[in-house]
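Data first, discussion second: the structure below is written as C-alpha cells.
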Amino acid sequence: MAASATILGVTATSAVALAAEAAPSPKPAAPASQAMNPAATTPTAPVEKVIVTYKARTAEATSNTAAKTDTAEKAAETGERLSFERRLAGGGALVDLGTAPTRQDVSEVMDAFRADPAVASVEADIRAYPMAVTPNDADYAKQWDLFEPTGGMNVPGAWDKTTGSGVTVAVIDTGYAAHTDLAANTVAGYDFISTSADARDGNGRDADPKDEGDWNATDGECGTGSRASNSSWHGTHVAGTIGAVTNNAKGIAGIAYGAKVQHVRVLGKCGGSSSDIADAITWASGGSVPGIPVNPNPAKVINMSLGGASSTCPTVYKTAIDGAVARGATVVVAAGNSNANASGFTPANCANVINVASTSREGNRSYYSNYGTIIDVSAPGGETRRATDTPGTITTPENGILSTLNAGTTTQSLENYKPYQGTSMAAPHIAGLAALLKSAKSTLTPAQIESAIKGNARPLPGTCSGGCGTGIADAAKTVAAVTGGGATTPGGATFTNAANVTISDNTTVTSPIAVTGVAGNAPAALAVAVDIKHTWRGDLVVDLVAPDGTAYRLKSSSNDSADNLLATYTVDASSEVANGTWKLQVRDVATGDTGYIDSWSLTF
C-alpha cells in the first residue's frame, strides 16, 4: 500500500508551512571592510611597516644586531622614526615606520632601502581581509538562522573555505516557483507526480518540475480532517535556504550559494505518494527509473522536507534511500511537526538518513518539532508564533526562517520572500551544510558527512525534551574539521562508519571500519566515538575488536535504564598495528529492548 507524504512546515489548519511578513532585525556588527560587494574594491589600509630582505652572505641577513644598525642608519637618512621589530620566518626583517607615516614617508623609506646594495628587496607589510564574510543581500540581516550566536548555525565562518561549488542538491518537494533569487543556481529537474489530477498539469510525469500549486479548495478534500488552504510554494522556500543566489544585492543568502539546486516534484494536490517519492530519490541520485531519462546532473545531496505517519520505514523508501546512499548521495530528512516521537513518522524513521529536528531563535527545541532517539541533529526551523499563541496566528514573524516564495494563493503570481516555520525549514540547513562539506572535500562519503555534522554540533543553549540529536549543527566548525582546520577530537586521521546495524534481543552484531594510510601502531589514546540508539542501554556490552582479534572492553552490562549510548572512549591500543579492519562489537544480553548502531568512529 502506498504511503502518502505531506510537507513539513507548520500551520494550525493544514500541513502547509506558516507564512508571514518578515520584520527587520538588527544587522550584526561587522567592519565595513568585510561587506561582500562585488563592485567594491579591497580596502586600502595605511602602510605601517615594511619587510626588508637582505642579500645572502650580508651581515644584516643573519644578524639582528646588524639589521638594527642598518635600520637606525636608514632612520637618520630619511628623518623617520624607524625601528627593527623582528626577524620573520623567511629571513626578512620587519621594520616599523613609526607613528602615522604618510605615503611620502613610506616611499622615502623604501627608496632608501632599495638604494642599499645589501638589500635584495623591500615591500610593504600589506593587510589582507576575509573574502567571504557578510553578503550584501538586502534581507541578510533578517537571516538570524545563519549568523546569530544563540540560535544560528555559524554559516558565515564556513564561507571562506567553501560555498558548495560543484555540488548539486536535489529538493524533492512541491517543485519550482520561478524566482530571480534562485534562477541562476537552478538546474533541470523532473516532475514525478504520476497522477494527472494531483499534478494539475494535465499529463502526470514530465520533465517540467514547475510547481502548479498545492492548494485545497474545501475542507475534507484531502481526507478526513484536512482543511482548505492556499498553495505553499514549499519547495521554493526550501530551495532558497539551500542555494539562493548570494551577493546580488537583493533578497536572501543561501547556505551553499555556490551549489546548484535541482527541483524534483513529488508533492501536489493532497501531498504525494511513496511510490512517486521513491522513484524521485532514485532518479535524483543518478539511478535508473523505467521510462524516465537519466538525470544529467545527479545530486550528491537530497533534501526531503516531507513525511507521513508510519511506525516503520516502508520497503519502497528503504530500497530507494539505500540505493541513493550507495551512489554517494547524502539524504537529509525533516523529523516532522507533530511534537511527537519521530519514530512514528517516515521517512524520518528510515535508516541511512540524517534526521533533523527544529530549533528556535532562542536555541530551544521548537514547540512543534518531533523529537526522540532517532533524531541525528538539530537546525534552525524557527517559530512564527509561540506555543501558547492562538493556533493560526502569526505573532513573531521575525523568528521564522526567511526564504524565497511566491505571492500566488493558488497558481503562481509575483515572487516574494516570507518567513516559514517547521522542520521543513530545519532540514535544508543541514542539506546546505552537507553541500558545503562535499564541495570542500569531494572524497567524503555520506556516512562521513553525517558523522562530521553530528560530531561538530554544539549543545542546545536552550531546552530540549525528548531528544534533539547531538545538538545544533555548526557549519564553520564542521567545515574546519573536515578540511583539517580544527579536528574536534585529539589526534590525527578519523575513520567513520555511519551505516546502521540493527541490534535485536540477545544478539551480537559488529560494524567494521577499514583503516588505511596510518603508519605504525595505533596510539595509546585511541579515541572511539560511539553513537548507539537503544532503549535501556544497560542491556549492552560493547567491545572494540582490533584487526588481530584482540577485544578491548568499552562498556559492560548494567542496570542503567537510560536510552542511547553516546560516548567517546579512550583505548590504549599501542600494541596494535593501526592499519586493518577494526570492529565495534555490540552484544545485547537481555530481552524487551532493541536498537541499532547509528555510527561510530576511530581517531588516531
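Side chains included, hydrogens not; waters and symmetry mates left out as well; all remaining heavy atoms used.
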> Do you know which two heavy atoms are closest between A473 and I430, and how far apart they sit?
Replying inline: CB-CD1, 3.5 Å
> With R537, which of D560, D593, D563 fulfils side chain to side chain donor-acceptor pair (under 3.5 Å)?
Replying inline: D560
>> Applying side-chain hydrogen bond (donor to acceptor under 3.5 Å, both in side chains) to T507 and D505, what does each step give before you reach the verdict?
In response: CA-CA 6 Å; T507 60; D505 282 334; over 6 Å; no
>> Whether R361 and E148 form a salt bridge (side-chain N of Lys/Arg under 4.0 Å from carboxylate O of Asp/Glu) is what I want to check.
In response: yes
>> Is there a side-chain hydrogen bond (donor to acceptor under 3.5 Å, both in side chains) between N154 and D474? Walk through the geometry before answering.
In response: CA-CA 6 Å; N154 197 15; D474 186 311; 3.0 Å; yes
> Given N349 and I374, is the side-chain contact (heavy atoms from CB on, under 4.5 Å) satisfied, shown in steps?
Replying inline: CA-CA 7 Å; N349 58 8; I374 68 167; 4.0 Å; yes
>> Closer than 3.5 angstrom, by distance alone: can the side chain of N295 be matched with the main-chain N or O of G286 as a donor-acceptor pair?
In response: no
>> Tell me if a side-chain donor or acceptor on S360 pairs with a main-chain N or O of N364 at a distance below 3.5 Å.
In response: yes
>> For the backbone of A590 and the side chain of D539, can you confirm whether one donor and one acceptor N or O come within less than 3.5 Å of each other?
In response: no
> Do R365 and N339 get their side chains close enough for a donor-acceptor pair, meaning under 3.5 Å?
Replying inline: yes
>> As a quick check of understanding, evaluate side-chain contact (heavy atoms from CB on, under 4.5 Å) for V530 and L566, giving each step before the final call.
In response: CA-CA 6 Å; V530 176; L566 184 63; over 6 Å; no
> Ring centres of F495 and W582 under 6.0 Å apart?
Replying inline: no
>> Please find the pair of heavy atoms, one from L436 and one from G164, that lie closest to each other, and give the distance.
In response: CD2-N, 3.6 Å
> Is there a side-chain contact between S310 and F345 (heavy atoms, below 4.5 Å)?
Replying inline: no
>> Let's go through S465 and Y371 carefully: what are the C-alpha distance in whole Å and the side-chain angles of both, what is the deciding distance for side-chain contact (heavy atoms from CB on, under 4.5 Å) to 0.1 Å, and is it a yes or a no?
In response: CA-CA 8 Å; S465 56; Y371 50 81; 5.8 Å; no
>> Just by distance, no angles: are the side chains of H237 and D173 close enough, under 3.5 Å, to form a donor-acceptor pair?
In response: no
> Hey, are the side chains of T591 and N506 touching, using non-hydrogen atoms and a 4.5 Å cut-off?
Replying inline: yes
> Taking the side chain from D145 and the backbone from G152, do they hold a donor-acceptor pair closer than 3.5 Å?
Replying inline: no
>> Strictly distance-based, threshold 3.5 Å: is any side-chain N or O of T282 a donor or acceptor partner for the main-chain N or O of A320?
In response: no
> Passes side-chain hydrogen bond (donor to acceptor under 3.5 Å, both in side chains), H429 versus T241? Steps please.
Replying inline: CA-CA 7 Å; H429 284 75; T241 296; 5.1 Å; no
> Between the main-chain N or O of N564 and the side-chain N or O of W536, is there a donor-acceptor pair closer than 3.5 Å?
Replying inline: no
> Taking atom NZ of K441 as the centre, does the number of heavy atoms from other residues, nucleotides or ligands within less than 6.0 Å exceed 12?
Replying inline: no
> Are Y569 and Y552 an aromatic pair by the rule of ring centers under 6.0 Å?
Replying inline: no
> Shortest non-hydrogen contact from I277 to M304?
Replying inline: CG2-SD, 4.0 Å
> Are V377 and C468 close enough that some pair of their side-chain heavy atoms sits under 4.5 Å apart?
Replying inline: no
>> Checking side-chain polar atoms at under 3.5 Å, does T494 have a donor or acceptor matched by the opposite partner on T603?
In response: yes
> Pick from V501, I513, T496: which one makes a side chain to side chain contact (heavy atoms under 4.5 Å, CB included) with W600?
Replying inline: I513
>> Would you say D322 and N352 are linked by a side-chain donor-acceptor pair, where the criterion is simply a distance under 3.5 Å?
In response: yes
> Between A426 and A357, what is the shortest heavy-atom contact and its length?
Replying inline: CB-O, 3.6 Å
> Do P380 and M425 come close enough that some side-chain heavy atom pair is under 4.5 Å?
Replying inline: no
> Do you know the tightest heavy-atom contact between A329 and A299?
Replying inline: CB-O, 3.7 Å
>> Would you call the rings of Y140 and W159 parallel, tilted or perpendicular, taking 30° and 60° as the class edges?
In response: tilted
> Counting heavy atoms not belonging to K583, are there more than 12 under 6.0 Å from its NZ?
Replying inline: no
> Under 4.5 Å between any side-chain heavy atoms of N185 and T246, yes or no?
Replying inline: no
>> How long is the straight-line distance from OG1 of T483 back to CG of D160, given to the nearest 0.5 Å?
In response: 11.0 Å
> Between the main-chain N or O of Q585 and the side-chain N or O of T510, is there a donor-acceptor pair closer than 3.5 Å?
Replying inline: no
> Do T150 and W144 touch side chain to side chain, with heavy atoms closer than 4.5 Å?
Replying inline: no
> Taking the side chain from S369 and the backbone from S358, do they hold a donor-acceptor pair closer than 3.5 Å?
Replying inline: yes
> Are D125 and L94 close enough that some pair of their side-chain heavy atoms sits under 4.5 Å apart?
Replying inline: yes
> Above 12 or not: heavy atoms from other molecules or residues under 6.0 Å from CG of N559?
Replying inline: no
>> One thing to verify: whether K438 and E450 come together as a salt bridge, which I'm taking to mean a side-chain N less than 4.0 angstrom from a carboxylate O.
In response: no
> Can we say D531 and K533 salt-bridge, meaning some charged N sits less than 4.0 Å from an Asp/Glu carboxylate O?
Replying inline: yes
> How close do P446 and T330 get, heavy atom to heavy atom, and via which atoms?
Replying inline: CA-OG1, 3.4 Å
>> Can a donor-acceptor pair be found, under 3.5 Å and without considering hydrogens, that links the side chain of N579 to the backbone of V518?
In response: yes
> Going by atom types alone, do H234 and S424 pair a side-chain donor with an acceptor below 3.5 Å?
Replying inline: yes
>> Using modelled atom types and a 3.5 Å cut-off, is there a donor and acceptor pairing between side-chain atoms of T594 and backbone atoms of I503?
In response: no
>> Surrounding CZ of R587 (heavy atoms of other residues, nucleotides or ligands, distance under 6.0 Å), is the total greater than 12?
In response: no
>> Could you check whether D598 pairs with K454 (Lys NZ or Arg NE/NH1/NH2 to Asp/Glu carboxylate O, under 4.0 Å)?
In response: yes
> Can you list the steps and then say if E383 with Y367 is a side-chain contact (heavy atoms from CB on, under 4.5 Å)?
Replying inline: CA-CA 8 Å; E383 290 183 344; Y367 69 85; 3.5 Å; yes
> Less than 4.5 Å apart, any side-chain heavy atom of L526 and any of F604?
Replying inline: yes
